[in-house]
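To start, the structure under review is shown below, and the notes come after it.
When reading the values below, keep in mind they use all heavy atoms of this one structure, side chains included, and skip hydrogens, waters and symmetry mates. We count residues from 1, following the sequence as given.
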Amino acid sequence: PLVLATHVNLPAKSVAELIALAKVKPLLYGSAGTGTGGHMCAELFNHLANVRATHVAYKGSAAATNEVVSGQLAFQFAGPITVVGLAKAGRLRLLAVTSPKRAQALPDLPTVAESGVPGFAVTNWFGMVAPPATPAPLIARLNAEFKQALAHNDVRTKLIAEGSEMVASSPAEFRAFIADDVRKWANVVRVTKMTIE
């Protein structure tokens, strides 16, 4: 999942308070660039929370994070590896995770949905794909090998520590997941009228 991180002095200590603040005060949020996960996630947040925070695109997540830390931006949606250390050092405030359920690595952090934005669920994901003409037996073997790798305790521990959670799906399930994700984000682009800046 991504994490909703704010400037430490922003007068919003929860998602509900951030929404209330955004309804009365113009807020700026940052991302690693137009069309990135953080940008898309924040636009979905704007839409579902019925607020209008303004996007500022940067060339990379670190630059946006620095601007949140300095107070030039109110918030950002970023990967845990980018913001958790800064939060532990008291330089950022973490409000929620974007996943449908709480993250294993951050169990005390609520989800955006449980914090007052029903229907909000965003996960960054990685998966293995192959060319369309790859023979089915080879796909099945690769799938089995990747599942076996993900079952190793050291692999799971490392991925969880970085804020990742494993899903060992079948090729058909993964195809369906990708198709659903494409539909979801196409709808977000349509309803928010996102454009290339």
Side-chain angles (χ1 to χ4, degrees), residues 1-25 27-32 36-55 61 64-65 68-69 73-126 156-157 159-169 173 176-178 180-189 191-192 194:
L2 295 176
V3 179
L4 173 53
T6 68
H7 178 60
V8 291
N9 293 328
L10 192 74
K13 295 186 174 139
S14 68
V15 172
E17 289 179 5
L18 179 64
I19 292 168
L21 183 63
K23 288 183 184 289
V24 297
K25 177 182 178 178
L27 296 180
L28 299 176
Y29 75 86
S31 80
T36 60
H39 178 211
M40 302 291 285
C41 192
E43 287 302 314
L44 178 62
F45 178 78
N46 272 343
H47 174 65
L48 293 179
N50 196 27
V51 296
R52 187 66 252 159
T54 301
H55 178 229
S61 185
T65 302
V68 178
V69 169
L73 300 174
F75 67 94
Q76 80 174 130
F77 286 90
I81 204 160
T82 304
V83 295
V84 169
L86 290 165
K88 287 180 179 175
R91 298 178 68 200
L92 286 176
R93 179 182 295 132
L94 307 183
L95 300 187
V97 294
T98 63
S99 47
K101 61 180 184 174
R102 292 188 182 207
Q104 293 179 47
L106 301 164
D108 296 331
L109 209 54
T111 67
V112 174
E114 75 179 277
S115 300
V117 188
F120 188 98
V122 175
T123 54
N124 275 357
W125 53 266
F126 301 93
R156 297 181 72 79
T157 301
L159 289 172
I160 289 169
E162 292 177 355
S164 298
E165 302 193 16
M166 288 67 61
V167 176
S169 62
E173 289 168 334
F177 172 82
I178 292 171
D180 286 345
D181 215 42
V182 168
R183 281 191 290 275
K184 171 185 178 171
W185 292 114
N187 186 57
V188 170
V189 169
V191 299
T192 63
M194 289 176 67

Checklist line | Atom pair OG1 (Thr192) and CG (Asn46), whose distance is rounded to the nearest 0.5 Å | finding: 8.5 Å
Next item on the list: Please confirm whether the backbone N or O of Pro1 pairs with a side-chain atom of Ser99, one donor and one acceptor, at under 3.5 Å?
Entry: no
Note to self: Return the NE2 to CG distance between His47 and Leu44, rounded to the nearest 0.5 Å.
What the structure shows: 7.5 Å
Notebook entry, point to check: Nearest heavy-atom pair of Gly37 and Asn124: which atoms, and what distance?
Noted result: CA-OD1, 4.3 Å
Checklist line | Heavy-atom check, side chain of Phe77 versus side chain of Thr36, under 4.5 Å | finding: no
Margin query: Do Thr82 and Val3 make a side-chain contact, defined as non-hydrogen atoms from C-beta onward lying under 4.5 Å apart?
Written below: no
Checklist line | Check: Thr98 and Thr123 side chains under 4.5 Å, non-hydrogen atoms | finding: no
Check: Are Tyr29 and His55 near enough that their ring centres are under 6.0 Å apart?
Finding: yes
Note to self: Using 0.5 Å steps for rounding, measure from the CD atom of Gln76 to the NE2 atom of His39.
What the structure shows: 13.5 Å
Check: Shortest non-hydrogen contact from Val83 to Ala78?
Finding: CG1-CB, 3.8 Å
Check: Quick one: are Lys23 and Ile19 in side-chain contact, heavy atoms under 4.5 Å?
Finding: yes
Next item on the list: Measure the shortest side-chain to side-chain distance between Thr6 and Lys13 over non-hydrogen atoms and say whether it is less than 4.5 angstrom.
Entry: no
Notebook entry, point to check: From Leu73 CG over to Leu27 CG, what is the distance, rounded to the nearest 0.5 angstrom?
Noted result: 10.5 Å
Notebook entry, point to check: Does a side-chain heavy-atom distance below 4.5 Å link Phe120 with Thr111?
Noted result: no
Next item on the list: State plainly whether the residues Lys184 and Asp181 are in salt-bridge range, i.e. N to O under 4.0 Å.
Entry: no
Note to self: Nearest 0.5 angstrom please: Arg93 CZ to Leu4 CG, how far?
What the structure shows: 11.0 Å
Notebook entry, point to check: Is there a side-chain contact between Phe45 and Leu18, using heavy atoms and a 4.5 Å cut-off?
Noted result: yes
Note to self: Just checking Arg102: does its CZ atom have more than 12 heavy atoms from other residues, nucleotides or ligands closer to it than 6.0 angstrom?
What the structure shows: yes
